[in-house]
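Note that the coordinates shown come from a computational prediction; the quantities given were computed from them, not determined experimentally. Hydrogens, waters and symmetry mates are skipped; everything else that's a heavy atom, side chains included, is used.
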Amino acid sequence: MRLSRYFMPTLREAPADAQIVSHQLMLRAGLIRQEAAGIYAWLPLGLKVLKKIEQVVREEMNRAGAVEILMPTLQLADLWRESGRYDAYGDEMLRIKDRHDRDLLYGPTAEEVVTDIFRSYIKSYKDLPKNLYNIQWKFRDERRPRFGVMRGREFLMKDAYSFDVDEAAARKSYNRMFLAYLNVYARLGLKAIPVKADPGPIGGDMSHEFMILADTGESEVFAHRDLVEMGAPGPDVDWEGDLEPEVARRTSLYSASDEMHDAARFDAMPEDKRMTARGIEVGHIFYFGEKYSKPMKAHVTGPDGKDVPVHMGSYGVGVSRLVAAIIEASHDEAGIVWPQVVAPFGAAVLNLRAGDAGCDAACEQAYKALADAGLDPLYDDRDERPGAKFAAIDLVGIPQQLIIGPKGLADGVVELKTRATGERQTLPLDAALKAVIG
RNA sequence: CGGAGUGUGGCUCAGUCUGGUAGAGCACCGCGUUCGGGACGCGGGGGUCGCAGGUUCAAAUCCUGCCACUCCGACCA
C-alpha cells in the first residue's frame, strides 16, 4: 500500500478524552474514531489489526475442534423469555422494536440463539460433543463505558458454546477451550495466565478468566511464577486425548485476581515463586450445565433411550478489547510496537526523499520485493520530511522498517530498523531485503 | 445509577470571573527556501463558541432548560 493513497489519519497530540495509553495511541495512530460513548468506527489500520487477531482466534478455535457459525446481532425477545433472561438482564440489554411492534434486542451474548440452533438439529448423544462459535459484534449498554475499546458498549467477541451429554464430557470440552485460549494469547505475543473466576450459581471449579499481563492493567493478579513461565501448550496438543493433566498442571498452581485472592495461600508459597502483577481480562470461560438447556428444552436422547438436557459451557474472548490489550502490553514513547502476527503491515519502506530518482527507484524495487514476498508492505511515498515519516511509522508500529535515503544510497546502502528493539543495520538493499524476507 | 467536570475551526487549548468586531500553536492550501527523527519565511482558507429559550442597545461570556462527552465509585468480554 502506498501511503499517499491510503487513509491513515495520525494525530500529533492525543485527544483529551483519552486517559489510558492504548486509547491515546489508538486515536493517534488512526485505528479508531469514536462515534458515541463506547461506540467506535474502525479505520483501515485498526480494522486490519482487528481482522488479524480475529484470524488467530479462529484458527485456534478450529484446531481445538470448534465449528464456526455466524449468529445475528439482532435477536428475538421471545427466545430470551424462554430462558428467563429477558427480564433478568436489565438495562445493559439494548431493547428494540421492529415495525410490527415485535420485541427485539441487540445481542449482548448468544446462549439463547445457539441453544435454539442446537436443539433444532441435534437429537442424539451420538452427535456430541459439539462446540459452535461465532465472532460477532455484541452490545452491552454499560453504565459507564470507558478506556476506548477496552470497555466499549459495542464490542467484537468470539463466543463459543459447548454441548455435551453430561458433566464429565463437558469437562473435556472445557479443558479444550482452556488450553486453546492459552495458545491464542501466546500466538498474539501476550503473557496470559488463567485465574479462577466466580463460577456463579452452578458452583464447581469450572470457571476461569484469562488475564494478560501489562503494567497498566486494570486489576491486580497474584500468581505462582511457574504458571507464567510455563506458557502455552502449543499447537501439538492431542485435542482428542486426555487434556486433564495438562490443565491440572496449571490449575494446581496458585493464581487469582484481587477479588478472589487468598492471601494465606499466596503467602504460603516460596517467596521467589510469588508474583504480583497488573492484568487485563481478555477471556472468560465457564461451565453452566443445564441452565439454558433445561428451560429451552435442548435435549438429546442418551444411550439408555431417555432424553436429557445437554450440559453446556460458554467461552468468550474480547477480540476488540485485545487490540487495546496488546497495545497496553506493547508500546513505548514513540508509539505502538505491534507483534509481527497482528501488525497492520508487515514491513514499511520509507522514502526519505520522494521525487529523487535514485530514492524512488530503490524504494519501488524494495516495495515490489516485499509485496511479492507476501509481507504486505506500507510504502511511505509522501512528499514529507524524514522526521515526519519516522514519527508516523513508529507511531503506528510497523515491525520492520526499510529506510531509504539519498545519503545511504550514495554509499550503496539502506537502513533496516526493527521497531521492537530499535536496532538498526546499515547494509546494501539486496541484503536488507533478504534480511526482512528471510 | 451516585458524585465531579468539560463542551470555542480537524487536534491541543486561551478568552468566560469583570458582556463590547472570535484568538494562538499544530494540521490544511499557495509560493519560496529546505530535507536522516514531526523545519522555516511570506501569504491564505476554515469556527452562527454543544442545542434551545431568556436578560440586555449588545451574549462564547450572565440566567434557565436540555443534550453530548469525560473522570471517580458500584458492575463487566
Colleague: Within 45° of the ring axis of A:Tyr106 and under 6.0 Å from its six-membered ring centre, is that where the NZ or CZ of A:Lys138 lies?
Modeller: no
Colleague: What contact category does A:Glu281 fall into here, base, sugar-phosphate, or nothing, at under 4.0 angstrom with non-hydrogen atoms?
Modeller: sugar-phosphate
Colleague: Compute whether any side-chain donor of one residue and acceptor of the other, for A:His284 and A:Tyr315, lie under 3.5 angstrom apart.
Modeller: no
Colleague: Specify the separation, in whole Å, of atom CD of A:Gln19 and atom P of B:C69.
Modeller: 16 Å
Colleague: Could you check whether the side chain of A:Glu13 and the base of B:G25 have a donor-acceptor pair of N or O atoms closer than 3.5 Å, going by distance alone?
Modeller: yes
Colleague: Name the nucleic acid region contacted by A:Val282, choosing base, sugar-phosphate or nothing; use a 4.0 angstrom heavy-atom cut-off, strictly under.
Modeller: sugar-phosphate
Colleague: Between A:Gln34 and B:U70, is there a contact of a side-chain N or O with OP1 or OP2 at under 4.0 Å?
Modeller: yes
Colleague: Determine the interatomic distance between C1' on B:U8 and the same-named atom on B:G47; round to the nearest Å.
Modeller: 8 Å
Colleague: Is the shortest side-chain N/O distance from A:Arg144 to OP1 or OP2 of B:C72 below 4.0 Å?
Modeller: yes
Colleague: For B:G7 and B:G50, measure between their P atoms and round to the nearest Å.
Modeller: 8 Å
Colleague: Take atom C1' in B:G25 and the same atom in B:G36, then report the distance between them in whole Å.
Modeller: 26 Å
Colleague: Using a 4.0 Å heavy-atom cut-off, does A:Leu350 contact any base of the nucleic acid, only the sugar-phosphate backbone, or nothing at all?
Modeller: nothing
Colleague: A:Asp103: which residues meet the salt bridge (charged side-chain N to carboxylate O under 4.0 Å, His left out) condition with it, sequence neighbours left out?
Modeller: A:Arg81, A:Lys97
Colleague: If you count the non-hydrogen atoms of other residues, nucleotides and ligands that lie under 6.0 Å from CG in A:Asp98, is the total more than 12?
Modeller: yes
Colleague: Just to be sure I understand the rule, does A:Ala18 reach a base, reach only the sugar-phosphate, or reach nothing, if contact means heavy atoms closer than 4.0 Å?
Modeller: nothing
Colleague: If I take atom CZ in residue A:Arg382 and atom P in nucleotide B:A39, what distance separates them, rounded to the nearest angstrom?
Modeller: 12 Å
Colleague: If I pick the P atom on B:G9 and the same atom on B:C49, what distance separates them, to the nearest angstrom?
Modeller: 10 Å
Colleague: Is the shortest side-chain heavy-atom distance between A:Met93 and A:Tyr86 below 4.5 Å?
Modeller: yes
Colleague: Heavy-atom count around A:Lys48 NZ within 6.0 Å, excluding the residue itself: above 12?
Modeller: yes
Colleague: Taking everything shown except A:Arg2 itself, do over 12 heavy atoms lie less than 6.0 Å from its CZ?
Modeller: yes
Colleague: Does A:Trp137 have its ring centroid less than 6.0 Å away from the ring centroid of A:Phe155?
Modeller: no
Colleague: Considering only atom C1', compute the distance from B:C26 to B:A39 and round it to an integer number of Å.
Modeller: 13 Å
Colleague: Starting at the 5' end of nucleotides 29-37 of chain B, put B wherever the base has a protein heavy atom under 4.0 Å, S where only the sugar-phosphate does, and a dash everywhere else.
Modeller: -----BSBB
Colleague: Does any nucleotide pair with B:G45 by Watson-Crick or G-U wobble geometry, both distances under 3.5 Å, and what is it?
Modeller: none
Colleague: In terms of relative ring orientation, are A:Phe222 and A:His261 parallel, tilted or perpendicular, with 30° and 60° separating the classes?
Modeller: parallel
Colleague: What is the separation between atom NE2 on A:His23 and atom C1' on B:C11, rounded to the nearest whole Å?
Modeller: 14 Å
Colleague: Rounded to whole Å, please give me the gap between CZ in A:Arg146 and P in B:A4.
Modeller: 18 Å
Colleague: Whole-Å distance between B:A77 P and A:Tyr161 OH?
Modeller: 12 Å
Colleague: For B:C1, which nucleotide in any strand shown is its Watson-Crick or wobble partner with both distances under 3.5 Å?
Modeller: B:G73
Colleague: Tell me if the CG atom of A:Asp376 is crowded by more than 12 foreign heavy atoms within 6.0 Å.
Modeller: yes
Colleague: Determine which nucleotide pairs with B:U56, using a 3.5 Å limit on both distances of a Watson-Crick or G-U wobble pair.
Modeller: none
Colleague: Counting side-chain heavy atoms from CB outward, which of B:G38, B:A77, B:U12 is closest to A:Pro15?
Modeller: B:U12
Colleague: Scan every strand shown for a Watson-Crick or G-U wobble partner of B:C40, both distances under 3.5 Å, and answer none if you come up empty.
Modeller: B:G32
Colleague: Name all residues meeting the side chain to side chain donor-acceptor pair (under 3.5 Å) criterion together with A:Asp205; count only those two or more places apart in sequence or in a different chain, and write none if there are none.
Modeller: A:Arg171
Colleague: Applying the Watson-Crick and G-U wobble criteria at under 3.5 Å, what pairs with B:U61? Answer none if nothing qualifies.
Modeller: none
Colleague: Is there a Watson-Crick or G-U wobble partner for B:G19 with both distances under 3.5 Å, and which nucleotide is it?
Modeller: none
Colleague: Name the residue closer to the 5' end of RNA chain B, choosing between A:Met150 and A:Pro145 according to the nucleotide with the nearest heavy atom.
Modeller: A:Pro145
Colleague: Give none if B:C11 has no partner; otherwise give the nucleotide forming a Watson-Crick or G-U wobble pair with it, both distances under 3.5 Å.
Modeller: B:G25
Colleague: Measuring only the C1' atom in each nucleotide, how far is B:U70 from B:A59? A whole number of Å is fine.
Modeller: 27 Å
Colleague: If you check every side-chain atom of A:Ala37, which of B:C11, B:G38, B:U70 has the closest atom?
Modeller: B:U70
Colleague: A:Phe147 has an atom CZ; how far is it from atom C1' of B:C69, in whole Å?
Modeller: 15 Å
Colleague: Counting the atoms with a prime plus P, OP1 and OP2 as sugar-phosphate, which does A:Gly152 contact under 4.0 Å by heavy atoms, base, sugar-phosphate, or nothing?
Modeller: base
Colleague: Determine the interatomic distance between P on B:U21 and the same-named atom on B:A58; round to the nearest Å.
Modeller: 15 Å
Colleague: Rounded to whole Å, please give me the gap between CG in A:Leu43 and C1' in B:G10.
Modeller: 13 Å
Colleague: Taking a pair as Watson-Crick or G-U wobble with both distances under 3.5 Å, which nucleotide is matched to B:C66?
Modeller: B:G50
Colleague: Look at the side chain of A:Arg140 and decide which nucleotide, out of B:C69, B:G38, B:A77, has an atom nearest to it.
Modeller: B:A77
Colleague: Would you mind reading off the distance between A:Glu209 atom CD and B:A77 atom C1', rounded to a whole angstrom?
Modeller: 10 Å
Colleague: Assuming nearest nucleotide by heavy-atom distance, tell me which of A:Arg153 and A:Thr10 is located more 5' along RNA chain B.
Modeller: A:Thr10
Colleague: A:Asp17 side chain: which of B:U70, B:C13, B:C71 is closest?
Modeller: B:U70
Colleague: For B:C72 versus B:C28, give the span between their P atoms, rounded off to a whole number of Å.
Modeller: 33 Å
